[in-house]
Protein chains: 2
Amino acid sequence: MEERDAEMARRVPAAGGHAGDPSVAPTLATVAARAGVSRQTVSNAINNPALLAEETLGKVERAIADLGYSPNLAARSLRTRATRLIGLPFEPAQEGTANALMDRFVHTLVESTREIGYHVLLFAADAEDAEQGYERMLRSTAVDAFVVTETYRGSPQVEYLQRRGALFVAFGRPWDAPDATHPWVDVDGAAGAALATAHLADRGHEVIAWLGWTTDQPIGEDRRSGWMRTMRERGLDTTRLSARGDGTLEYGRRATHALLDARKPTGLVCASDTVAMGALRALHERGLAPGRDIAVVGFDDSLAAQVASPGLSSVRQPLEDIALGVVERLERLLTHRPVDEPGLLLQPTLVVRDTS
Amino acid sequence: MEERDAEMARRVPAAGGHAGDPSVAPTLATVAARAGVSRQTVSNAINNPALLAEETLGKVERAIADLGYSPNLAARSLRTRATRLIGLPFEPAQEGTANALMDRFVHTLVESTREIGYHVLLFAADAEDAEQGYERMLRSTAVDAFVVTETYRGSPQVEYLQRRGALFVAFGRPWDAPDATHPWVDVDGAAGAALATAHLADRGHEVIAWLGWTTDQPIGEDRRSGWMRTMRERGLDTTRLSARGDGTLEYGRRATHALLDARKPTGLVCASDTVAMGALRALHERGLAPGRDIAVVGFDDSLAAQVASPGLSSVRQPLEDIALGVVERLERLLTHRPVDEPGLLLQPTLVVRDTS
DNA sequence: CCACCTGGTTGGAACGATCAAGAATGACGC
DNA sequence: GCGTCATTCTTGATCGTTCCAACCAGGTGG
């Protein structure tokens, strides 16, 4: 015992504080001394409790609770070469768009990473030079893994991260490489659009238009295919009922005017809430009442859709479930277990409000 | 030189890779060997370049660039007891509200913390037991400082963090303790409401109502005071023109109906965009055209305000500047320099759209 | 000639955890 | 009785960085 006491004296300088002094963070050695065991035993109590005898475990746990000890993350990281941090590139919602749907996603991500003992680290991802941001994080071993969003735009990050041997899970399918092996989670956009289209068809609409994105966005084309498929299934004509453009509000407005001039659709299915809000603006300008004269369905169930008057019907993405799926895959990666099902495709739901 | 080579051999095991092998992260020792100097000199080159002779500095910088070295953050943290991480408690936007205005704030925060060499770490703040979340972060020395948001609700965290001796900057004034000494940044809500009220008065409105929050939210009372002050200045009557309640959409809707029945205001100034959207809904239900029959101004300039039809005029908070102010104060705290002006009150602006 | 700077550099120790190996104990089989 | 083994706990080394005290050369002052 003398030796141990001596070690204590060395480790914890005469701070004048008693054992529970919160101003001096307790270390493994502090806890070990209090519990009358060695450092390693305390370490085992935390990381591998099954190794300890029941009685010892109890002693150690009591000491930990008494001192309010939690392991120093830096020291742990240094030794294990793992930071228990997940990197999340953070881009703000663009002004003038309906909503940052990332909000719900990020929150669930934070909550469920915490449950597996991880935290979420935000970092700015330069739009033009995304690699640099990732590279810095990797070089300084700042994070153990990444959550990659916005993978639809050709996703150069995915290719880079894979080449670099970094761990990551993508929110978004690898559109340009369907045989990719990395884990991903995504929402079935085609099913969402189909849901919206079928909903309008069920309400008796026969001339249902699609307001989509430009052709080079696979996610937009995917959603469009759901509209197209449903129209075909119902035997409805689709000629000159499909618009495409950038996803802005202004585009939605103009495209709606054009469609109304051309084919007088009674229902509009939109690739995003932003576009749908543009459509509502066009209807407003023409004195048409959404929901009564023309039905509109958006996509994303943004806050704007929820608070707009009239309330905008919209396809809701299960962002919470997506985050859970992402974290589940992350955990497997981080514990070096195989991810048996790398891809997970979730089904959206339809929220019906006043506009349909 | 023999000794140095020997050390190299020990430090970098026979990985088979050449010096630039990206699979083995270079360390200080690697760089030192390459530049022909000691570890400490490399460390100084990074942290205190002024100490080095110009020639030596050049050599070291070249070696760093060649090897693509960045310091291991865990090792640095362990030694310096600083993590270079800022903790940000993260709550999601509530469903059914106009918008998470945090989005813009967080992005600027991430960008400008990076510029001072810090990263932002999200953590889930339990609404009921906020202290626990902070305590965990502090105990494990996971972050160096916090950014505290939502300080309006009595702000128990602020009191706790101060007692605990933790570093933090608050987004939001210490309402209940005006003499508090901790650094904070906030927006002049009264000025914002005054701006909105004056704007309506300038357009000839004389019966301008206030749709606010419950009395126990000081931030709501602050904004209300701006309305009240401006009404008085203009010699306008305020009797039975002020509504208060929770900030929900439904409250905004009902309060608007009640006001219209009672006093027929021609202008509405709202404490938030959510409330304003509720007001718009009430107008919609009565067949009144916002902007023509009745003017409405919201608060926050949420995405919903931007995309709604008609576009909602709204008071815009300078969230980017707030984030900059927060980071500036953080930096002073972290470098142990005094914060000469702990409080910073910023002025909002008015974005005029269709509803006014 | 020695003490004392000053600018530049150096090796050893320390931060607090985990890893790898080893030691004490008792149980078991031959 | 002896070796083997499993269980349980301990000891020294180590991760990569920064702090500390000291060193070195060369100039200055006493």
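These numbers come from the heavy atoms of this one structure, side chains and all, not from hydrogens, waters or symmetry mates. Every chain is numbered from 1, with letters handed out A, B, ... down the list of sequences. As the structure is a prediction and not an experimental result, all values here were calculated from the model.
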Inset, instruction - Output the single nucleotide from D:dT14, D:dG16, D:dT18 whose closest atom is nearest the side chain of A:Arg79. - result: D:dT14
Inset, instruction - Provide, to the nearest angstrom, the distance between the CG atom belonging to B:Leu28 and the P atom belonging to C:dG12. - result: 16 Å
Inset, instruction - Taking only the side-chain nitrogens and oxygens of B:Thr80, find out if one of them lies under 4.0 Å from OP1 or OP2 of D:dT18. - result: no
Legend entry - Under the salt bridge (charged side-chain N to carboxylate O under 4.0 Å, His left out) test, residues paired with A:Asp144 that sit two or more places apart: none
Polar-atom pairs under 3.5 Å, protein N or O versus N or O of nucleotides 20-25 of chain D: list them with distances, or write none.
none

Inset, instruction - Flag the pair B:Leu88 / B:Phe146 as yes when at least one side-chain heavy-atom distance between them is below 4.5 Å, and no otherwise. - result: no
Inset, instruction - Give the rounded distance in Å between these two atoms: CG of B:Asn48 and P of C:dG7. - result: 13 Å
Under 3.5 Å, sequence neighbours excluded: what are the donor-acceptor pairs made by side chains of residues 333-340 of chain A?
unit_1, atom_1, unit_2, atom_2, d
A:Thr335, OG1, A:Glu331, O, 2.7
A:Thr335, OG1, A:Arg332, O, 3.3
A:Thr335, OG1, A:Arg337, NE, 3.0

Inset, instruction - Please identify each residue that fulfils side-chain contact (heavy atoms from CB on, under 4.5 Å) with A:Ser112, with sequence neighbours left out. - result: A:Thr108, A:Leu324, A:Val327
Inset, instruction - Please check the phosphate of D:dG16 (OP1 and OP2 only) for any side-chain N or O of B:Thr27 closer than 4.0 Å. - result: no
Inset, instruction - Let me know the distance between CG of B:Leu67 and P of D:dG16, rounded to the nearest Å. - result: 14 Å
Inset, instruction - Measure from the side-chain heavy atoms of A:Arg39 and tell me the nearest of D:dT18, C:dT18, D:dT10. - result: C:dT18
Legend entry - Interatomic distance, B:Arg84 CZ vs D:dT18 C1' [rounded to whole Å]: 12 Å
Inset, instruction - With sequence neighbours left out, write down each residue that passes side-chain contact (heavy atoms from CB on, under 4.5 Å) with A:Pro342, or none if nothing qualifies. - result: none
Legend entry - Heavy-atom closest pair, residues B:Arg329 and B:Gly343: NH2-O, 3.9 Å
Inset, instruction - Quick one: closest heavy-atom pair of B:Ser77 and A:Ala74, and the distance? - result: CB-CB, 3.5 Å
Legend entry - Global bending angle along the helix from C:dC1-D:dG30 to C:dC30-D:dG1, which compares the axes of five pairs at either end, to 10 degrees: 60°
Under 3.5 Å, sequence neighbours excluded: what are the donor-acceptor pairs made by side chains of residues 47-55 of chain B?
unit_1, atom_1, unit_2, atom_2, d
B:Asn47, OD1, B:Arg76, NH2, 3.4
B:Asn47, ND2, B:Ser43, O, 3.2
B:Asn47, ND2, B:Ser43, OG, 3.4

Inset, instruction - Please name all residues satisfying salt bridge (charged side-chain N to carboxylate O under 4.0 Å, His left out) with A:Glu159, sequence neighbours left out, ordered by chain then number. - result: A:Arg163
Legend entry - Length of the CG-P vector between B:Asn44 and C:dG7, whole Å: 14 Å
Inset, instruction - Could you tell me if the ring centre of B:Phe168 sits under 6.0 Å from that of B:His182? - result: yes
Legend entry - DNA chain D-proximal residues of residues 69-76 of chain B, any heavy atom under 4.0 Å: B:Tyr69, B:Pro71, B:Asn72, B:Ala75, B:Arg76
Inset, instruction - Would you mind reading off the distance between B:Arg139 atom CZ and C:dG16 atom C1', rounded to a whole angstrom? - result: 17 Å
Inset, instruction - Would you please name every residue forming a side-chain contact (heavy atoms from CB on, under 4.5 Å) with B:Leu346, sequence neighbours left out? - result: B:Val185, B:Pro318, B:Asp321, B:Ile322, B:Leu344
Legend entry - Donor-acceptor contact below 3.5 Å, side chain A:Thr41 vs main chain A:Val37: no
Inset, instruction - Grab the CG-C1' distance between B:Asn47 and C:dT9 for me, whole Å please. - result: 16 Å
Inset, instruction - Using a cut-off of strictly less than 4.0 Å between a heavy atom of the residue and any atom of DNA chain C, enumerate the qualifying residues of residues 52-63 of chain B by number. - result: B:Leu52, B:Ala53, B:Thr56
Legend entry - A:Leu78 CG - C:dC15 C1' separation (whole Å): 9 Å
Legend entry - Sugar-phosphate only, base, or nothing, as touched by A:Thr41 at under 4.0 Å among non-hydrogen atoms: base
Legend entry - Which residues share a side-chain contact (heavy atoms from CB on, under 4.5 Å) with A:Glu135, sequence neighbours left out: A:Arg139, A:Tyr160, A:Arg164
Legend entry - Nearest non-hydrogen partners of B:Ile116 and B:Arg84, listed with the distance: O-NH1, 3.9 Å
